[in-house]
Amino acid sequence: MSIDKESLKESISDTALALVINFPLNMFLLWVANRTFLPKLETEAEIIFWTSVFLTFWFTLVAITRKYFVRNYFKNKQSIKLRRQSAVH
């Protein structure tokens, strides 16, 4: 099995970018949750459930947006590389 180096670079880049974005985003979202809806909830089960729903919603939106831009970046990079190669030949 051979490794597609460009796909590996894209995967590593996207994962590193996700770490840089998601850690502060997580802190911010927990702060928001703690100051908005969490104080109104009564049971531990409600707190856990609604915090999970809240975080999952926002992380999904951010991930889709991030993946879109990362994919386009690498796609455009590949397109430029192909154009340069075809101009040489």
Side-chain angles (χ1 to χ4, degrees):
M1 178 173 107
S2 65
I3 294 177
D4 181 347
K5 290 181 182 179
E6 289 303 313
S7 294
L8 181 60
K9 282 183 193 176
E10 182 177 335
S11 298
I12 291 170
S13 298
D14 184 53
T15 303
L17 185 59
L19 175 65
V20 170
I21 292 170
N22 289 345
F23 182 75
L25 179 62
N26 188 47
M27 299 296 284
F28 173 72
L29 291 174
L30 288 172
W31 179 82
V32 169
N34 196 39
R35 278 157 182 74
T36 56
F37 66 89
L38 285 182
K40 297 173 183 130
L41 302 176
E42 294 181 13
T43 67
E44 184 178 19
E46 287 178 316
I47 292 169
I48 291 169
F49 176 78
W50 288 111
T51 301
S52 296
V53 169
F54 179 72
L55 293 175
T56 300
F57 172 80
W58 286 108
F59 280 119
T60 299
L61 288 181
V62 170
I64 291 168
T65 304
R66 186 193 73 246
K67 285 298 296 177
Y68 173 80
F69 285 105
V70 169
R71 178 84 283 270
N72 277 336
Y73 172 80
F74 280 92
K75 186 172 137 184
N76 290 338
K77 190 174 162 184
Q78 182 66 23
S79 176
I80 291 167
K81 184 179 177 182
L82 289 174
R83 275 190 256 135
R84 285 184 183 156
Q85 286 176 348
S86 65
V88 172
H89 294 99

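Keep in mind that this is a model prediction, so the values were computed, not measured.
- Once rounded to the nearest 0.5 Å, the distance linking CD of E6 with NZ of K81 reads 5.0 Å.
- S13 OG to L8 CG: the interatomic distance, rounded to the nearest 0.5 Å, is 9.0 Å.
- Closest approach of F54 to L29, counting heavy atoms only: CE2-O, 3.3 Å.
- Applying the 6.0 Å contact sphere to CD1 of I3 captures no more than 12 heavy atoms from other residues, nucleotides or ligands.
- Following chains of ILVMFWY side-chain contacts shorter than 4.5 Å, one can reach L61 starting from I21, so the two form part of one hydrophobic cluster.
- Proximity of V53 to W50: side-chain heavy atoms (C-beta onward) are separated by under 4.5 Å at one or more points.
- When hydrophobic clusters are built by joining Ile, Leu, Val, Met, Phe, Trp and Tyr residues whose side-chain heavy atoms come closer than 4.5 Å, directly or via intermediates, W58 is grouped together with V32.
- When all heavy atoms of T15 and S11 are compared, the pair lying nearest together is OG1-O, 2.8 Å.
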*Intermediate values then yes/no, side chain to side chain contact (heavy atoms under 4.5 Å, CB included), N34 and W31*: CA-CA 5 Å; N34 196 39; W31 179 82; 5.8 Å; no

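- Distance check: L17 CG to Y73 OH gives 11.5 Å after rounding to the nearest 0.5 Å.
- No continuous path of ILVMFWY side-chain contacts below 4.5 Å connects L38 to I48, so the two sit in separate hydrophobic clusters.
- To the nearest 0.5 Å, atom CD of residue E46 and atom NZ of residue K40 are 13.0 Å apart.
- A 6.0 Å sphere centred on CZ of F37 holds more than 12 heavy atoms belonging to other residues, nucleotides or ligands.
- The shortest side-chain heavy-atom distance between T51 and L30 falls under the 4.5 Å cut-off.
- Closest heavy-atom contact between A33 and P39: O-CD, 4.0 Å.
- Linking Ile, Leu, Val, Met, Phe, Trp and Tyr residues whenever their side-chain heavy atoms come within less than 4.5 Å leaves L25 and V20 in two separate clusters.
- In this structure, CG in D14 is found 8.5 Å from CZ in F74, a value given to the nearest 0.5 Å.
- Note that CD1 of I64 and CZ of F59 are 14.0 Å apart. Values are rounded to the nearest 0.5 Å.
- S79 places no side-chain N or O within 3.5 Å of a backbone atom of K75 that could act as its donor or acceptor partner.
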